[in-house]
Amino acid sequence: MCGIVGYIGKQEVLPILIDGLKRLEYRGYDSAGVAVVNKDGRLDVRRSVGKLKNLESALEGKGIKGSLGIGHTRWATHGRPSEENAHPHRAGGIVVVHNGIIENYIQLKNRLIKEGCKFTSETDTEVICHLVNMYSKKGNGLEEAVRKALKDLHGSYAIGVINENEPDVLIGARNGSPLVAGIGNGEYFIASDIPAILNHTRDVIFLDDNEMIILRQKKYAITDMDGMPVEKEINKVMWNPVMAEKGGYKHFMLKEIHEQPRAIMDTIRGRISQETGHIYLDEMKLSEEEIKGLKKVMIVACGTSWHAGLTGKFIIEELVRLPVEVDIASEFRYRNPIVDKDTLFLAISQSGETADTLAALREAKKNGAKVVSICNVVGSTITRESDGIVYTHAGPEIGVASTKAFTTQLTALFLLAVYFGVVRGKIDGKYLKELLKELVHLPLLIEDALKTDKEIEGIASAYFNYRDFLYLGRGINYPIALEGALKLKEISYIHAEGYPAGEMKHGPIALIDEDMPVVVLTADDKVYEKVLSNIMEVKARGGKIIAIASEGDKEIAKKVDSVLYIPRCNHFLTPILLSIPLQLLAYHVAVLRGSDVDQPRNLAKSVTVE
Ligand code: AGP
């Protein structure tokens, strides 16, 4: 999704904007631009299609110098990626960058055209700068003009606004799309996400919906949309800039895959005591009484986080014996779901900003459900709107394809399920200690699973030219087949489908031939024999099979074309280990096909529009 950066202070603004935009590249974009009020008062707006290096070339030698500016990476919603549609947009002296969707832009555009405004782009954003310009021409200062303009808008936005004629003020506002403000020493920042400003400050303010921040050279103020002051706390961000860098790896995705032992250790850290069998999930905020009173759990999420939720259903139902429904967030809100005060609504989101998940959460809250979120980004909107939180503590995930976010979500779900199971009397002391021992051992097993990297590269080189893949799994590992297929398709652009292995005979089997490799998850568990039968069905039709099996399973090697082994562990944790070779397989295939692994086409890291 679009990325916004803004700065007001004493430093040269251009390098700050470009550096900030680079750190937001992971969000996905197709064009970029900056606007700077130069020291001589002149406003410069430069935009270009494609990657930031094109913008940098366009800026070279232009002598842009100033200490107030805004920058933007655009992910097209209204209008194709082009220079005219790229942000910032300008009307008179007003310049705007925007993330979100203005739903009533056609009505506003028609009205503004009648009043004589000339539009130069196909975007919804351009109406914002014409509106601000119009109110500013009526004698309002920038702050008031923005406030009046925002009242005319329906839809979602995070915006940054400057005015050539008021070089001492930068305005940010949000309604539905994320925006943070960075508080530096005599300088201020706005950004769509924290990594954009981490090099400059760790002190941030998370704006809430319908809030506006007015940043001046020496002071700032936050108001609501009626201009009433709002008190907000300054949060210290513990992530450091190095955590959001590649650290010698070729891609963020590869770095994040290899970070998983550490990330999972951080999910567990401080939350369990093996000696006493205690689990500490203080931020989850549900009392034992409330947990005992629950009648059902509803897990709602999108994409990879939804796959974590599907796996969570198996874990919670077995360990807690509570019914669990799992929904795709964009479907949940439109199906009139049955939610009440005895329902635990569990939102899962890496970013904490996914618009569909947030909308579903609000819907559930309105209906009286208790809302807990499993989230990675501290202070994100979803966490702020939840009653309780289980942070995954995976650290910043920059690659668009979720890897460590996923396995830490699974770890958090396991912790939550074990805790609920104890509180509801389904797990006794002995079993609890066994489960916790397995969990503590997990990071070491992941280290082992990562050792197959070279072998997987070899398998990838044998398969990277195929056009279609099928992924099969059963039981708790079926969602992992979905996740494996999603990983492959989103970064290598190969068509891949995940299926419950037992369902193959009801349709997908028609696709099987020598051109359709099948990745089968065959961990040694209660459905192992069943999966073997599915393997034979594929083989009988000439299909090529890559199996991911449990260490020591020699027999499987005789039945399939390639086999990768994962360490044996408790069946609740097997999905985490199975994910590792699937992530590496997708990664190596994508690299061999020359894809942009960290920023795959058309995708955004955090989808902040519906
Ligand atoms: C994962 O690889 C995807 N990029 C995507 O499906 C993602 O999981 C989804 O958009 C949900 O994001 P969230 O976890 O930040 O809510």
Side-chain angles (χ1 to χ4, degrees), residues 1 24-29 75 177-178 192-195 251-254 256-257 260 263 299-312 326-333 345-362 373-386 389-392 394-410 412-413 471 479-480 482-493 496 498 579 582-587 590 595-610:
M1 291 286 107
L24 295 179
E25 277 192 304
Y26 71 90
R27 295 169 70 83
Y29 69 105
W75 187 82
S177 299
S192 297
D193 199 1
I194 297 165
H251 296 100
F252 278 112
M253 181 181 179
L254 189 61
E256 287 155 7
I257 290 173
Q260 288 174 106
I299 303 182
V300 176
C302 302
T304 289
S305 299
W306 175 63
H307 296 154
L310 290 172
T311 316
V326 188
D327 255 291
I328 290 179
S330 53
E331 290 295 321
F332 175 86
R333 58 193 293 208
F345 179 91
L346 195 54
I348 307 180
S349 175
Q350 186 286 131
S351 61
E353 300 293 350
T354 302
D356 288 324
T357 311
L358 185 58
L361 179 154
R362 287 176 178 157
S373 59
I374 293 182
C375 195
N376 188 36
V377 178
V378 176
S380 55
T381 311
I382 287 178
T383 63
R384 282 180 286 136
E385 297 201 15
S386 299
I389 310 151
V390 181
Y391 279 116
T392 51
E397 189 180 68
I398 308 292
V400 162
S402 258
T403 52
K404 62 176 180 171
F406 179 61
T407 50
T408 53
Q409 285 167 349
L410 294 178
L413 279 159
Y471 283 68
I480 306 305
L482 300 187
E483 174 60 9
L486 177 66
K487 283 292 84 88
L488 187 72
K489 77 181 111 182
E490 66 182 339
I491 58 170
S492 70
Y493 319 140
S579 303
L582 295 181
Q583 295 166 351
L584 286 167
L585 182 64
Y587 171 78
S595 313
D596 189 348
V597 173
D598 285 332
Q599 293 156 41
R601 68 183 183 204
N602 306 338
L603 288 178
K605 180 68 183 163
S606 116
V607 184
T608 53
V609 293
E610 199 189 333

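Heavy atoms only: backbone and side chains are in, while hydrogens, waters and symmetry mates are out. Remember, it's 1-based here, ligands and their atoms both numbered in the order they're listed.
There is a side-chain donor-acceptor pair under 3.5 Å between Glu353 and Thr381. Using modelled atom types and a 3.5 Å distance limit, the side chains of Thr304 and Ser402 yield no donor-acceptor pair.
Atoms of ligand 1 found under 4.0 Å from any heavy atom of Ser402, numbered from 1 in the order shown, are 1 (C), 2 (O). Residue-ligand proximity, Thr354 to ligand 1, at heavy-atom distances under 4.0 Å covers atoms 12 (O), 13 (P), 15 (O), 16 (O). Applying the 4.0 Å criterion to heavy atoms of Gln350 picks out, from ligand 1, the atoms 13 (P), 14 (O), 15 (O), 16 (O). Listed by atom number, the atoms of ligand 1 under 4.0 Å from Ala401 heavy atoms are 2 (O). With ligand atoms numbered from 1 in the order given, ligand 1 contributes 8 (O), 13 (P), 14 (O) to contacts under 4.0 Å with heavy atoms of Ser305. Close contacts between ligand 1 and Thr304 involve ligand atoms 1 (C), 2 (O), 6 (O), 8 (O) [criterion: under 4.0 Å to a heavy atom]. Each of the atoms 13 (P), 14 (O), 15 (O), 16 (O) of ligand 1 lies under 4.0 Å from some heavy atom of Ser349.
At the shortest separation from atom 3 (C) of ligand 1 among protein heavy atoms lies Glu490 OE1, 3.5 Å. In terms of protein heavy atoms, atom 10 (O) of ligand 1 is closest to Val607 CG2, 4.2 Å. Distance from atom 4 (N) of ligand 1 to its nearest protein heavy atom, with residue and atom name: Val400 O, 2.9 Å. In terms of protein heavy-atom proximity, atom 15 (O) of ligand 1 is closest to Ser351 OG, 2.6 Å. When hydrogens are left out, the protein atom nearest atom 9 (C) of ligand 1 is Cys302 O, 3.7 Å; that is the closest non-hydrogen contact.
Interatomic distance, CD of Gln350 versus CG of Asn376, reported as 4.5 Å (0.5 Å rounding).
Taking 4.5 Å as the limit, some side-chain heavy atom of Gln583 sits within range of a side-chain heavy atom of Thr407. Contact of the Val378 side chain with the Thr383 side chain is not registered, since no non-hydrogen atoms from C-beta on lie closer than 4.5 Å.
The backbone N or O of Pro396 lies less than 3.5 Å from a partner atom in the side chain of Lys404, making a donor-acceptor pair. A distance-only check finds a donor-acceptor pair linking the side chain of Glu397 to the backbone of Ala405 [under 3.5 Å]. Between the side chain of Arg333 and the main chain of Ala360, no donor-acceptor pair closer than 3.5 Å is present.
Under a 4.0 Å heavy-atom criterion, Lys487 is in contact with ligand 1.
When all heavy atoms of Phe345 and Leu361 are compared, the pair lying nearest together is CE2-CA, 3.5 Å.
Note: no N/O pair closer than 3.5 Å links Gln409 and ligand 1 by distance alone.
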